[in-house]
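In what follows, every chain begins at residue 1, and chains take the letters A, B, ... in the order their sequences are listed. Not measured: the values here are computed from a predicted model. All values below were derived from every heavy atom in this structure, side-chain atoms included, with hydrogens, water molecules and symmetry-related copies excluded.
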Amino acid sequence: MGTDILKAPEGAPSRNEHLKKESNFLRGTLKEEFEDRLNGGVSEDANQLIKFHGSYQQDDRDLRNERQKQKLEPAYQFMIRVRLPGGVSTPEQWLVMDDLSEKYGNGTLKITTRQTFQMHGILKWNMKKTMQGINQALMDTIAACGDVNRNVMSNSNPFQSELHAEVYEWAKKLSDDLLPRTRAYHEIWLDEEKVFSTPEVEEVEPMYGPVYLPRKFKIGVAIPPSNDVDVFSQDIGFIAIVEDRSLLGFNVAIGGGMGMTHGDKETYPQLAKVIGFCKPEQIYQVAEKIITIQRDYGNRSSRKNARFKYTVDRLGLETVIEELHNRLGWRLEEAKPFHFDHNGDRYGWVEGTKGKWHYTLFIEGGRVKDFENLKIKTGLREIAKVHKGDFRLTANQNLIIANVSTRSKKKINDLLEHYGLTDGSHFSALRRNSMACVSLPTCGLAMAEAERYLPTLIDKIETIIDESGLRDEEITIRMTGCPNGCARHALGEIGFIGKSVGKYNMYLGAAFDGSRLSKLYRENIGEEEILNELRILLPRYAKERELGEHFGDFVIRAGIVKATTDGTNFHD
Amino acid sequence: MQFQVGNSPFNQNQVELLNQLLTTLTDSQKIWLSGYFAASITNSATNAPRSTETTSKPMKDITILFGSQTGNAHGLSKKAGATFKENGFDVTVSAMNDFKPNQLKKVSNLLIIVSTHGEGEPPDNAIIFHEFLHGKRAPKLDHVNFSVLSLGDSSYEFFCETGKQFDKRLEELGASRVYPRFDCDLDFEEPAAEWLDGVLRSLNEQEGGVHQEVAATTMTAPTSTYTRSNPFKAEVIENINLNGRGSNKETRHLEISLEGSNLTYKPGDSLGVYPENDPELVEFLLQELPWSTSDSVTINKHGDILSLKEALTTYYEITVLSKPLLQKIADHTTNEKLQELLSAGNEEKLKTYIDGRDVIDLVRDYGVWGSSAQEFVSILRKIPARLYSISSSIQANPDEVHLTIGAVRYTTHDRQRKGVCSTFAAERLNIGDKIPVFVQENDNFKLPENPETPIIMIGPGTGVAPFRAFIQEREEIGAEGKSWLFFGDQHFMTDFLYQTEWKQWLQNGTLTKLDVAFSRDTEEKVYVQHRMLAQSKELFAWLEEGATVYICGDEKNMAKDVHNTLLQIIETEGGLSHEQAEEYLTNLQQQKRYQRDVY
């Protein structure tokens with residue numbers, strides 16, 4: 001293998017690279033800036049660094065213009081994202097998050113598409129207290145954002161509880177072991193005494209080094225037949241291989257990612273490709289070596305092209321596999337066969353092993369909030385107070401009340417009924433398979449509404465669905481406010497990316513099991529046009545579909561869109 | 001013998017010199033002198049005849065001392081001074097604190113024009129003089145003629161208290177009252193003019209009719225076209241709420257056009273605004289009255305006529321009760337309960353009743369008074385103008401004046417109450433509306449004349465208003481002096497008044513330092529004085545460099561706390577005793593380096 005192929009792209013390092021380098025392992029000016037009282041926000045540099053600590057600076061975009069007239073600065077506030085491997089939370093942790101969101105946040109919690117809690121609206125002066133509250137509940141926010149390995153996702157399928165527990169332990173270990181080693185987080189938020197010495201870089205960050213990764217890095221672990229974590233959307237996907245109810249190991253897939261930039265065809269969503277198999281105990285080593293390949297050869301000049309997927313496509317999959325084998329000192333085994341059915345959640349009560357029950361609750365848009373007529377937040381608080389099992393935040397923004405004993409089941413059920421919390425069975429299957437990112441008003445990247453708008457759009461689509469007799473037909477629909485794709489729009493059978501306020505690009509043709517990307521169908525259209533298109537497409541699907549054929553497959557067979565066979569032809 | 005201005009033809013200066021000389025003369029020297037003068041004057045008179053009138057007739061001196069918080073007493077003093085000058089007096093007009101107490105011995109005619117502040121306290125620039133006069137070191141004033149004009153607000157319990165105290169004390173010290181004290185309510189022009197007329201006449205009479213022709217007093221005559229009694233109808237060109245969503249407060253930023261008025265002002269001055277009553281409140285009142293809303297009433301001496309509804313909306317005060325008002329009403333009603341409330345022994349009860357209630361409560365509790373709408377309204381006081389510290393520099397905003405008004409709303413006695421002018425601005429004043437305004441000078445709150453003098457500004461809440469004017473002005477004239485603002489309020493997110501402007505001034509260097517305290521953002525309440533204490537070393541260094549300190553805003557809590565904090569800083573950082581620190585601060589005050597605009 002020629003070493004000339006194995007190199008990072010040329011070009012001056014981006015601003016963020018300098019920033020990381022000069023940050024003294026993610027400290028920068030954070031401590032000083034968070035003590036300053038004159039500014040509600042922090043500097044742009046600090047804003048980049050704080051991501052590594054699990055937070056973004058945002059502002060309430062609804063109020064921007066109004067506040068400008070009032071001679072007030074934007075309503076700066078912070079989002080905090082917890083690192084919650086596999087989305088598993090104890091009832092105690094749930095209660096802490098609930099309390100912190102009331103005390104310091106905007107009173108709501110968001111269950112993210114990467115299985116964790118997100119809190120919005122935290123003021124600068126409350127950040128430390130919030131971080132400490134999270135830590136006291138044995139959680140943290142380290143590396144929940146930033147150019148490092150993020151929250152590791154893991155299947156939350158309640159059918160196979162024992163396997164889930166085993167796979168979860170691997171996911172958690174992966175998440176913990178891949179954490180940055182710097183003590184910056186502990187010093188800044190937890191008042192840990194600073195050690196006055198200048199250790200070598202290798203001592204501080206043996207894996208990441210002083211400039212960390214070129215871009216964010218995501219890992220997900222799936223247990224077939226459920227692909228709820230969208231394993232192919234990850235930089236590294238691990239697919240659990242089970243034989244005779246025991247875990248053999250994992251197939252390894254590399255090079256997935258959803259983000260792209262409008263108008264730049266050099267950027268595209270991509271799916272991870274399966275490159276082999278490893279044993280459970282090899283999972284950390286495999287991940288570590290893959291991460292170091294990205295560390296060494298990823299694009300540090302252009303952040304738009306810095307994700308691992310571009311590194312893989314640029315170097316070539318075979319080259320990367322070869323390099324991985326070299327770094328491992330051994331070769332991955334041949335990938336084992338596997339089969340996925342779906343990437344959505346299965347709702348309602350399910351009996352698991354050892355007499356434990358699991359209830360998957362439908363939470364639209366993942367927003368845990370007390371609405372006028374639906375007190376989700378209060379209801380879950382009351383459940384958390386009596387629940388003896390745990391909670392699992394799902395990759396589809398829902399919540400599993402897991403490990404409920406037969407004895408407790410009635411109590412939980414009564415509370416669910418009392419607060420009107422349901423499996424969503426009274427909604428269309430379309431709504432139950434919907435996902436939306438946060439978007440406006442807090443996300444700085446948002447170009448159009450997502451979470452606040454999708455429910456009302458679905459109201460209108462449901463009319464068409466009902467007329468077509470498709471109420472119980474599962475179709476995934478996903479909306480993101482910008483092309484970065486937090487809601488994995490490119491894997492929705494109906495996908496929307498925000499272009500500008502009220503306008504979306506509409507995508508069709510993704511596979512129901514998350515194994516095929518979608519294709520652009522209509523560009524820059526508003527609600528009327530969206531509904532007009534669906535008024536033609538959905539009845540046609542209802543009429544012409546074959547037995548068991550999913551909507552995403554139908555639109556391709558019917559020639560409505562061309563299949564995207566690889567991210568590189570997503571724009572074709 | 002001792003010469004006095006009153007018993008000799010000499011003026012003050014001459015009297016002093018003569019007295020000094022005479023005590024040293026022997027009898028023979030005195031005789032020699034008398035012969036010398038007799039001869040020399042006869043000579044010069046024959047050589048160059050002169051108007052004996054001007055030389056022989058003594059210039060009568062008059063000293064006008066004022067104590068003023070908002071500038072009314074100061075303004076009146078200046079006008080009184082002008083009037084006396086026109087009538088041939090040698091006039092001295094001075095703020096009480098600028099007047100050297102030992103000069104009192106040399107004063108023969110003394111006028112006191114003083115307002116009362118807060119709970120019966122003298123205004124800032126009267127405190128020292130007030131203390132001196134009431135202390136043991138106060139001199140005998142047998143030689144002094146005096147009269148007092150006191151300003152106040154009858155809705156306060158200690159109405160015109162400071163004026164009353166001066167009046168009483170001067171008498172105790174042996175001075176003779178040439179004209180009785182007048183206690184003026186907020187609507188002070190007419191009584192003040194009357195008082196001045198009276199004083200002038202009495203002094204002239206004492207003089208034995210020397211000055212036959214008394215120049216017309218010009219107390220109410222405008223020095224510029226638009227005044228308190230002839231306000232300018234100014235157009236509102238901007239009206240925004242400065243508090244962000246979710247705030248407990250509402251602070252209006254008003255921009256008002258002065259175009260065509262020729263009105264001008266300096267940073268630190270106030271704008272007087274005549275508000276209208278809340279129509280809803282007027283409606284409540286009208287429902288209690290037996291008369292038709294369209295009954296016409298005559299509202300003033302000029303015979304202007306308005307309908308009852310209009311008069312209650314635009315002319316009469318209906319939101320405040322006072323003891324004098326209730327006493328007047330008692331004369332027009334037979335209601336026994338009211339008579340009883342006013343009778344001796346019920347003072348506490350009366351005070352409690354008045355507190356927080358308005359005319360509607362009164363009518364509901366004690367019935368209507370008078371037999372006609374006319375009789376009913378005649379007892380009410382005219383809506384007084386509200387004074388607001390101007391928050392703009394006219395240099396920076398030609399033909400404009402900006403105000404920063406906190407809307408006052410609270411519930412008491414089972415009803416929501418609203419500040420008349422503040423909610424007039426917040427709820428009913430639209431862009432394009434015209435409101436009657438006038439400029440009220442305030443010489444007690446002014447930027448240092450030297451633009452290089454450092455300034456320390458302490459102004460939480462709406463107290464920040466004049467400091468916006470200060471900084472606008474300093475930016476406009478390119479002042480080089482350092483500046484330091486302490487601002488505070490409840491919440492950073494919603495209550496940081498003029499946030500973007502301060503930040504910009506901080507960035508471009510017009511403002512040197514900014515410290516903020518938001519009391520409800522943290523569990524422990526933090527106020528401006530805590531921020532001052534945290535930087536006491538630097539603050540004291542600024543004082544030592546000659547900085548002027550300004551406090552603007554709430555008097556009851558903030559201004560007292562800040563004052564004590566300043567003392568503490570001076571004590572600690574200056575290594576002084578408490579008494580020395582007090583002296584240090586008094587010194588600053590006398591040098592006009594410690595100025596307050598508190599309310």
Side-chain angles (χ1 to χ4, degrees), chain A residues 32-44 46 57-80 99-108 119-133 136 189 191 369 440-442, chain B residues 238-247 249-255 391-392 402 404 431 464-465 468 472 484-507 511-524 526 528 530-531 534-535:
Chain A
E32 297 75 30
E33 292 203 39
F34 273 85
E35 277 164 10
D36 153 78
R37 282 184 294 257
L38 279 183
N39 300 288
V42 295
S43 67
E44 181 47 36
Q57 175 178 310
Q58 307 183 322
D59 74 278
D60 189 334
R61 293 174 60 183
D62 285 349
L63 302 182
R64 263 188 208 172
N65 289 342
E66 177 179 309
R67 286 178 65 91
Q68 197 176 4
K69 281 188 203 127
Q70 292 181 301
K71 304 178 191 290
L72 292 169
E73 287 185 342
Y76 291 120
Q77 46 186 260
F78 292 82
M79 177 275 278
I80 289 183
D99 180 54
L100 289 171
S101 74
E102 295 289 331
K103 227 189 215 158
Y104 304 122
N106 65 2
T108 76
M119 250 190 304
H120 293 266
I122 299 152
L123 301 183
K124 201 171 84 171
W125 9 96
N126 293 330
M127 281 289 282
K128 211 162 151 175
K129 283 178 273 189
T130 312
M131 292 291 208
Q132 293 181 350
Q136 278 157 17
W189 308 111
D191 294 327
K369 175 183 174 178
L440 293 170
T442 49
Chain B
E238 183 65 279
N239 184 355
I240 51 179
N241 180 10
L242 292 173
N243 296 98
R245 280 195 210 187
S247 175
K249 301 209 173 170
E250 181 178 357
T251 310
R252 305 307 298 196
H253 171 76
L254 285 191
E255 295 184 4
S391 54
S392 58
H402 301 176
T404 310
I431 291 170
V464 83
R468 182 174 180 262
Q472 278 190 353
W484 188 352
L485 174 71
F486 288 90
F487 174 76
D489 214 311
Q490 289 187 350
H491 295 290
F492 175 95
M493 183 62 96
T494 55
D495 307 328
F496 196 159
L497 306 182
Y498 303 110
Q499 180 186 23
T500 53
E501 297 184 354
W502 297 120
K503 298 292 276 294
Q504 209 175 348
W505 281 321
L506 197 61
Q507 213 151 38
L511 183 66
T512 317
K513 272 178 80 86
L514 174 60
D515 275 283
V516 292
F518 292 95
S519 59
R520 302 208 186 166
D521 278 345
T522 46
E523 273 144 43
E524 221 169 292
V526 185
V528 279
H530 300 119
R531 298 289 183 238
Q535 309 211 49

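- Heavy atoms of Leu63(A) lying under 4.5 Å from chain B belong exclusively to its side chain.
- Between chain A and the residues Leu497(B), Val516(B), Leu506(B), the largest count of heavy-atom pairs under 4.5 Å involves Val516(B).
- Heavy atoms closer than 4.5 Å to chain B are found in the side chain of Leu123(A), but not in its backbone.
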Atom pairs, donor to acceptor, chain A/chain B, distance under 3.5 Å:
residue: Leu38(A); atom: O; partner: Lys503(B); partner atom: NZ; Å: 3.2
residue: Asn39(A); atom: OD1; partner: Lys503(B); partner atom: NZ; Å: 2.7
residue: Glu66(A); atom: OE1; partner: Arg245(B); partner atom: NE; Å: 3.2
residue: Glu66(A); atom: OE1; partner: Arg245(B); partner atom: NH2; Å: 2.6
residue: Glu66(A); atom: OE2; partner: Arg245(B); partner atom: NE; Å: 2.9
residue: Arg67(A); atom: NH1; partner: Met493(B); partner atom: O; Å: 2.9
residue: Arg67(A); atom: NH2; partner: Met493(B); partner atom: O; Å: 2.8
residue: Gln70(A); atom: NE2; partner: Asn241(B); partner atom: O; Å: 2.9
residue: Gln70(A); atom: NE2; partner: Asn243(B); partner atom: O; Å: 2.7
residue: Lys71(A); atom: O; partner: Gln499(B); partner atom: N; Å: 3.1
residue: Lys71(A); atom: O; partner: Thr500(B); partner atom: N; Å: 3.0
residue: Lys71(A); atom: O; partner: Thr500(B); partner atom: OG1; Å: 3.3
residue: Lys71(A); atom: NZ; partner: Glu501(B); partner atom: OE2; Å: 3.2
residue: Glu73(A); atom: N; partner: Gln499(B); partner atom: OE1; Å: 2.7
residue: Glu73(A); atom: OE1; partner: Gln499(B); partner atom: NE2; Å: 3.3
residue: Glu73(A); atom: OE1; partner: Lys503(B); partner atom: NZ; Å: 3.0
residue: Glu73(A); atom: OE2; partner: Lys503(B); partner atom: NZ; Å: 2.9

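- Contacts of Leu514(B) with chain A are made by both backbone and side-chain atoms, with heavy-atom separations under 4.5 Å.
- Scored by the ring-ring contact (aromatic ring centres under 6.0 Å, His included) test, Phe487(B) finds Phe496(B) as partners (sequence neighbours excluded).
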